[in-house]
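To find a chain, count down the sequence lines: A is the first, B the second, and so on, and within it residues start at 1.
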Number of protein chains: 2
Amino acid sequence: MSARSIPEATVGRLPVYLRALVEMAENGASTTSSEERAAAAGVNSAKVRKDLSHLGSYGTRGVGYDVAYLIHQVRRELGLTQDWPIVIVGVGNLGHALANYRGFAERGFRTAALVDAEPAKVGEVVGGLPIRPVDDLPEIVRANPGAMGVICTPASEAQKVADLLVASGVRSILNFAPVVLQAPPGVSVRKVDLAVELQILAFYEQRNAALADVKRRGRAVADLARV
Amino acid sequence: MSARSIPEATVGRLPVYLRALVEMAENGASTTSSEERAAAAGVNSAKVRKDLSHLGSYGTRGVGYDVAYLIHQVRRELGLTQDWPIVIVGVGNLGHALANYRGFAERGFRTAALVDAEPAKVGEVVGGLPIRPVDDLPEIVRANPGAMGVICTPASEAQKVADLLVASGVRSILNFAPVVLQAPPGVSVRKVDLAVELQILAFYEQRNAALADVKRRGRAVADLARV
DNA sequence: CAGTGTGAACCTTTTCACAGCA
DNA sequence: TGCTGTGAAAAGGTTCACACTG
């Protein structure tokens, strides 16, 4: 089947497949099976096949997928045939790290500008780019069509910054501030909350500990019974 | 209904509810409705009610939820009645930022140790903690029961580090390296991949641009028709 | 009577299992 | 023969709508 409206769950996995495919290509492989892809992405092979089938029929029955061609198709589908400009707003701890992060450039993103509300920071050069004032945002976005906003401010400033980004024409926002942003329809917002991830882990850690506890007690009881 | 096996999707939202609740409590509110919680968390109220009902019946019909009591219950459910120690492995750009991130401490996590494989880095103090050699991991984990590992190494080192963490007794790992980790059953792994988030945004950005394009053409056609 | 708690309907996602093709 | 592509079944998650209660 040809494309049309790829499921959200699939969109979320395509980047993961892509990276594994690129790594595989670098190692010189030219063909791969869904089974192999599944192992590399930590999912099962039926999922890989169904996901890839949403892009079109790019596999060969009995053989597998052509790595280079599949990379091309996934890139095209994700809109990674062009480099996207990103604007980092808030150059504190995290913004600093992201400005220096080489992984963005390697995977299709170009840091176009750094912005901070703090006048004292303006002008400072981080990762080869000067920090600019917040007022420059409309101009920055105009000069970088399709620019995506990356919010690294404290929670208290994040909504204001988001509004500013939207007013400047940004339609995609990646939010690292620990707050739920409101945005008008047509604007995509994704959130990464580091503490939330740890809290989710805490839930399972606690549950596993409790489980281990039950097992231990169970064994104790069994031991008693054995006497 | 009382607890027993809370759905994964709910577990993922509880931390979000928790933060909004804490903020609300700080502002002095003592009671809240599912409608209000929904607005704060960016979901709908039915979802909030169903999610909270998994913890037990902690609301009052016709009134709402007691903020302080609900905070307590959510914390208890997530296992946040204790502070969890975390060990950051890989003190590069990102590890540095995380070591200095105050948000962890504010939400129940205590950075117990920093570790790096680079001998040159060992001993350097970051965020008040000395960087320790990788060999210290078993000892660190023994001294900090329930410690969670945070992997901030390059992709090439991540699996080795994960194996080491698991061998040292860690059962919860937060992975920032852009690679899918293999871990034995019983070990929880969560992954945060910054470029993946941007790539997902790129997909929708591209699709929206295409959509706007269709609309624009549509209007152009309409304009022609009008002539 | 306002707002929770929850069956039931609905929708999305995952998994199964196998027909069909190189 | 081996592996893709995909209907169909199952599982999981969301939303509806309303009985129930403080």
With side chain to side chain contact (heavy atoms under 4.5 Å, CB included) as the test, pick out the partner of B:Met24 among B:Thr32, B:Leu70, B:Thr31. B:Thr32
Between A:Leu52 and B:Val63, name the one whose nearest nucleotide on DNA chain D is closer to the 5' end.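 In this pair, the answer is A:Leu52.
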Figure out the [atom1]/[atom2] separation between [X] and [N], and round it to whole Å.
X: B:Gln73; N: C:dG5; atom1: CD; atom2: P; value: 12 Å
X: A:Tyr58; N: C:dA22; atom1: OH; atom2: P; value: 17 Å
X: B:His54; N: C:dG5; atom1: NE2; atom2: P; value: 12 Å
X: A:Glu35; N: D:dG2; atom1: CD; atom2: C1'; value: 12 Å
X: B:Arg13; N: D:dG12; atom1: CZ; atom2: C1'; value: 12 Å
X: A:Asn44; N: D:dA10; atom1: CG; atom2: C1'; value: 14 Å
X: A:Arg49; N: C:dC18; atom1: CZ; atom2: C1'; value: 10 Å
X: A:Lys47; N: D:dG12; atom1: NZ; atom2: P; value: 12 Å

A:Asn27 (side chain) donor-acceptor with A:Ala29 (main chain) under 3.5 angstrom: no
Side-chain donor or acceptor of A:Gln206 paired with backbone N/O of B:Glu77 under 3.5 Å: yes
Distance criterion of 3.5 Å, no angle test: do you see the side chain of B:Lys50 paired donor-to-acceptor with the base of D:dT15?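 Donor-acceptor pair under 3.5 Å: yes.
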Ignoring hydrogens and geometry beyond distance, is the side chain of A:Arg61 in donor-acceptor contact with the base of D:dT4 at under 3.5 Å? yes
Looking for any heavy atom pair under 4.0 Å, which part of the strands does B:Arg37 touch: base, sugar-phosphate only, or nothing?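 Contact class for B:Arg37: none.
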Phosphate OP1/OP2 of D:dC3: any A:Ser33 side-chain N/O under 4.0 Å: no
Check whether any side-chain nitrogen or oxygen of A:Tyr65 sits under 4.0 Å from OP1 or OP2 of D:dG5, and answer yes or no. yes
Check the angle between the aromatic planes of B:Tyr101 and B:Phe104 and answer parallel, tilted or perpendicular using the 30° and 60° thresholds.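 The rings of B:Tyr101 and B:Phe104 stand perpendicular, inter-plane angle above 60°.
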Presence of salt bridge, B:Arg110 and B:Asp83, under 4.0 angstrom: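 Salt bridge absent between B:Asp83 and B:Arg110.
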5' priority, DNA chain C, between A:Pro7 and A:Gly62 [closest heavy atom]: A:Pro7
